[in-house]
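The next block holds one structure in the form of structure tokens; read it before the comments.
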Amino acid sequence: MKPVKQTRLHKGLLPIEDRGNCFPACIASILEMEVEDVIQIQEHYDNPKWNYVLADWLNERGYVWRLPNEGEDLTDKYVLAIGGSPRFPTETHVVIYLNGKLAQDQHRDNTGITDLREVEIIELI
């Protein structure tokens with residue numbers, strides 16, 4: 001994992017250019033890429049199939065994006081952690097967890113998430 005900070009800070013859902021890129025920054029960190037070389041998936045959130053767009057982009061690069069299996073051991077595995085944004089209470093924020101704790105916040109204030117709602121995994125196919 002290569003720590004990468006987001007380059008676009010969230011200002012609101014509309015217009016698209018005001019959406020933050022914490023999710024692409026997390027992907028960049030896990031894939032050890034530059035954030036601008038990763039699909040800016042927040043620009044696709046208006047598409048009801050945005051998750052397929054992201055899955056296809058990752059698959060083309062040899063990765064799969066998935067939820068953990070029930071009882072799966074995530075010890076020493078970097079995961080995407082989705083939860084409430086400390087800056088926008090009605091919005092979500094994506095960070096990276098390791099062993100159940102914050103390992104990397106893509107936002108420059110490093111406040112993490114207010115609660116953990118979901119964990120997702122990106123790994124080699």
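The two residues Met1 and Glu32 come nearest to each other via the heavy atoms N-OE2, 2.9 Å. Closest non-hydrogen pair, Val4 versus Gln106, comes out as O-NE2, 3.2 Å. Of all heavy-atom pairs between Pro24 and Ile41, the closest is CG-N, 3.9 Å. Between Met33 and Asp37, the closest heavy-atom pair is CE-O, 3.6 Å. When every heavy atom of Val95 is checked against every heavy atom of Tyr97, the shortest pair comes out as CG2-CE1, 3.7 Å.
By the 4.5 Å heavy-atom criterion applied to side chains, Ile122 and Val64 are not counted as neighbours. For the pair Asp109/Arg87, a side-chain contact is recorded, criterion being any heavy-atom separation below 4.5 Å from C-beta on. His10 is not listed as a side-chain neighbour of Gln42, based on a closest heavy-atom distance of 4.5 Å or more. Inter-residue side-chain proximity for Lys2 and Leu31 is flagged as unmet; no heavy-atom pair is nearer than 4.5 Å. Phe23 has its side chain out of reach of His93: every pair of non-hydrogen atoms, C-beta onward, lies at least 4.5 Å apart. Pro68 has its side chain out of reach of Val79: every pair of non-hydrogen atoms, C-beta onward, lies at least 4.5 Å apart. In this structure, Gln6 and Val35 have side chains that are not in contact, with every pair of non-hydrogen atoms separated by 4.5 Å or more. Taking 4.5 Å as the limit, some side-chain heavy atom of Leu67 sits within range of a side-chain heavy atom of Glu120.
Taken from OG1 in Thr111 to CZ in Arg108, the straight-line distance is 11.5 Å, to the nearest 0.5 Å. With rounding to the nearest 0.5 angstrom, the CG atom of Asp115 is 11.5 Å from the CD1 atom of Ile82. Distance CD1/Ile121 to CG/Asn69: 7.5 Å, rounded to 0.5 Å. Note that CD1 of Ile39 and CZ of Arg61 are 8.0 Å apart. Values are rounded to the nearest 0.5 Å. The distance from atom CG of Asp73 to atom CG of Asp76, rounded to the nearest 0.5 Å, is 8.0 Å. To the nearest 0.5 angstrom, Gln104 atom CD is 7.5 Å from Cys26 atom SG.
For Glu123, the CD atom is densely surrounded, since the number of other residues' heavy atoms within 6.0 Å is greater than 12.
Looking at Lys5, its side chain does come within 3.5 Å of a backbone N or O of Asp105 through a donor-acceptor pair. Put simply, the side chain of Asn21 gets close to the backbone of Thr7: a donor and an acceptor are under 3.5 Å apart. Thr92 places no side-chain N or O within 3.5 Å of a backbone atom of Gly84 that could act as its donor or acceptor partner.
Residues Leu58 and Val53 share a single hydrophobic cluster, defined by chaining ILVMFWY side chains whose heavy atoms lie under 4.5 Å apart. Transitive grouping of hydrophobic side chains (ILVMFWY, heavy atoms separated by less than 4.5 Å) keeps Leu74 and Leu124 in distinct clusters.
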*Under the salt bridge (Lys or Arg N to Asp or Glu O under 4.0 Å) rule, what do Arg19 and Glu91 come out as? Steps first, then yes or no, please.*
CA-CA 11 Å; Arg19 297 176 184 172; Glu91 304 293 327; over 6 Å; no
*Please lay out, stage by stage, how His44 and Asp46 fare under the test side-chain contact (heavy atoms from CB on, under 4.5 Å).*
CA-CA 5 Å; His44 298 268; Asp46 291 339; over 6 Å; no
_side-chain contact (heavy atoms from CB on, under 4.5 Å) assessment of Tyr63 paired with Ile30_ = CA-CA 11 Å; Tyr63 292 88; Ile30 290 173; 5.8 Å; no
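In this structure, Glu43 pairs ionically with Arg8, as a charged nitrogen and a carboxylate oxygen lie closer than 4.0 Å.
Partner of Trp65 under the side chain to side chain contact (heavy atoms under 4.5 Å, CB included) criterion, chosen from Asp56, Leu80, Ile27: Leu80.
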